[in-house]
Amino acid sequence: PEPCLGVRLRQIEQGKMEPALMVLAPPAIEGGTPFLIDTETSRQILGTRVAADAAGNFVVVWETVSDDSVPVHRIFLRRYSATGVALSPVLAVDDSVEAALDQVSPTIAMNAAGQFAVSWSSLRRYAAINPLLGDLRITQGPIFMRRYDSSGAAYPVQKVSDRQSG
């Protein structure tokens with residue numbers, strides 16, 4: 001069975017809880033006990049996805065939103081063995097993409113040999129031309145993807161589509 005994802009609250013001190021991205025592991029991994037994926041607590045977690053290879057190794061990918069005055073959306077991943085042992089730290093998937101773009105809606109696919117690809121959409125932020133519309137205008141930007149080999153080595157980010165809306 002494939003692992004599934006969930007965002008759960010975990011206690012960090014008496015009476016204080018925080019959201020944490022956790023894998024709800026299949027029964028083969030420690031009786032299905034959830035375990036923590038991302039320990040960064042200043043980000044909101046969205047759009048989690050998981051893919052597994054034929055051996056049961058899996059990759060978790062997710063979108064985060066920073067807690068800054070102007071929130072920034074980013075895409076991260078982490079690789080795991082079939083037994084739930086981390087094979088990588090938390091890695092930024094979108095590390096070479098234009099900083100002016102928010103990265104959203106990640107998807108992931110993995111083949112039986114463990115090679116995988118992550119794709120995501122982007123959003124552009126512009127100052128509004130018409131003050132009646134508000135301070136910020138958001139439009140769709142390009143779609144990107146990044147391939148990885150079975151060891152987790154990343155290929156360069158590729159622009160898949162130059163779609164523009166607005």
Side-chain angles (χ1 to χ4, degrees), residues 1-12 17-68 71-99 101-123 140-163:
E2 280 194 23
C4 60
L5 292 172
V7 176
R8 294 205 171 160
L9 292 177
R10 68 178 180 144
Q11 186 166 338
I12 55 172
M17 304 291 278
E18 68 182 7
L21 178 61
M22 307 184 101
V23 167
L24 309 178
I29 302 174
E30 299 177 26
T33 305
F35 57 93
L36 191 62
I37 298 291
D38 187 9
T39 57
E40 175 60 52
T41 60
S42 65
R43 305 183 288 230
Q44 181 183 0
I45 298 163
L46 305 169
T48 56
R49 301 285 185 269
V50 65
D53 66 15
N57 301 310
F58 59 98
V59 177
V60 180
V61 64
W62 64 95
E63 171 188 347
T64 65
V65 182
S66 68
D67 203 16
D68 302 327
V72 176
H73 295 250
R74 297 283 314 274
I75 307 296
F76 293 91
L77 71 75
R78 193 161 193 194
R79 297 175 49 245
Y80 285 87
S81 72
T83 59
V85 175
L87 298 174
S88 74
V90 172
L91 302 170
V93 175
D94 59 350
D95 63 357
S96 64
V97 178
E98 300 172 47
L101 298 173
D102 277 331
Q103 313 307 317
V104 298
S105 305
T107 60
I108 185 168
M110 180 180 270
N111 66 18
Q115 299 163 324
F116 61 99
V118 177
S119 65
W120 64 94
S121 297
S122 63
L123 301 174
Q140 290 183 346
I143 296 172
F144 295 97
M145 61 99 49
R146 187 170 213 172
R147 294 181 306 126
Y148 295 80
D149 69 20
S150 59
S151 73
Y155 293 91
V157 172
Q158 296 176 316
K159 190 183 296 186
V160 179
S161 166
D162 262 333
R163 71 182 181 161

*Among all residues two or more places apart in sequence or in another chain, which pass the side-chain contact (heavy atoms from CB on, under 4.5 Å) test with Asp53?*
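Asp53 satisfies side-chain contact (heavy atoms from CB on, under 4.5 Å) with Ala55, Asn57, Met110 once adjacent residues are dropped.
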Heavy-atom closest pair, residues [X] and [Y]:
| X | Y | result |
| --- | --- | --- |
| Ala92 | Arg74 | CB-NH2, 3.2 Å |
| Phe76 | Val93 | C-CG2, 3.9 Å |
| Ala154 | Tyr148 | CB-CE2, 3.3 Å |
| Pro106 | Arg49 | O-CG, 3.5 Å |
| Arg79 | Ser151 | NH1-O, 3.1 Å |
| Val72 | Asp102 | CA-OD1, 3.6 Å |

*asked:* Is there a side-chain contact (heavy atoms from CB on, under 4.5 Å) between Asp95 and Arg146? Walk through the geometry before answering.
replied: CA-CA 10 Å; Asp95 63 357; Arg146 187 170 213 172; 2.7 Å; yes
*asked:* Any heavy-atom pair between the side chains of Asp94 and Phe144 that's under 4.5 Å?
replied: no
*Any side-chain heavy-atom pair from Val61 and Phe116 closer than 4.5 angstrom?*
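In short, these two side chains do not touch, never coming nearer than 4.5 Å.
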*Return yes if some donor-acceptor pair links the side-chain N/O of Ser122 with the main-chain N/O of Pro142 below 3.5 Å, else return no.*
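Yes.
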*asked:* Between Gln158 (side chain only) and Met145 (backbone N and O only), is there a donor and an acceptor less than 3.5 Å apart?
replied: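 Between the backbone of Met145 and the side chain of Gln158 there is no qualifying donor-acceptor contact (under 3.5 Å).
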*Just one of Val90, Val118, Val60, Ile108 clears the side chain to side chain contact (heavy atoms under 4.5 Å, CB included) bar with Leu77, so which one?*
Val118
_To the nearest 0.5 Å, what is the distance between CD1 on Ile143 and NZ on Lys159?_
11.5 Å
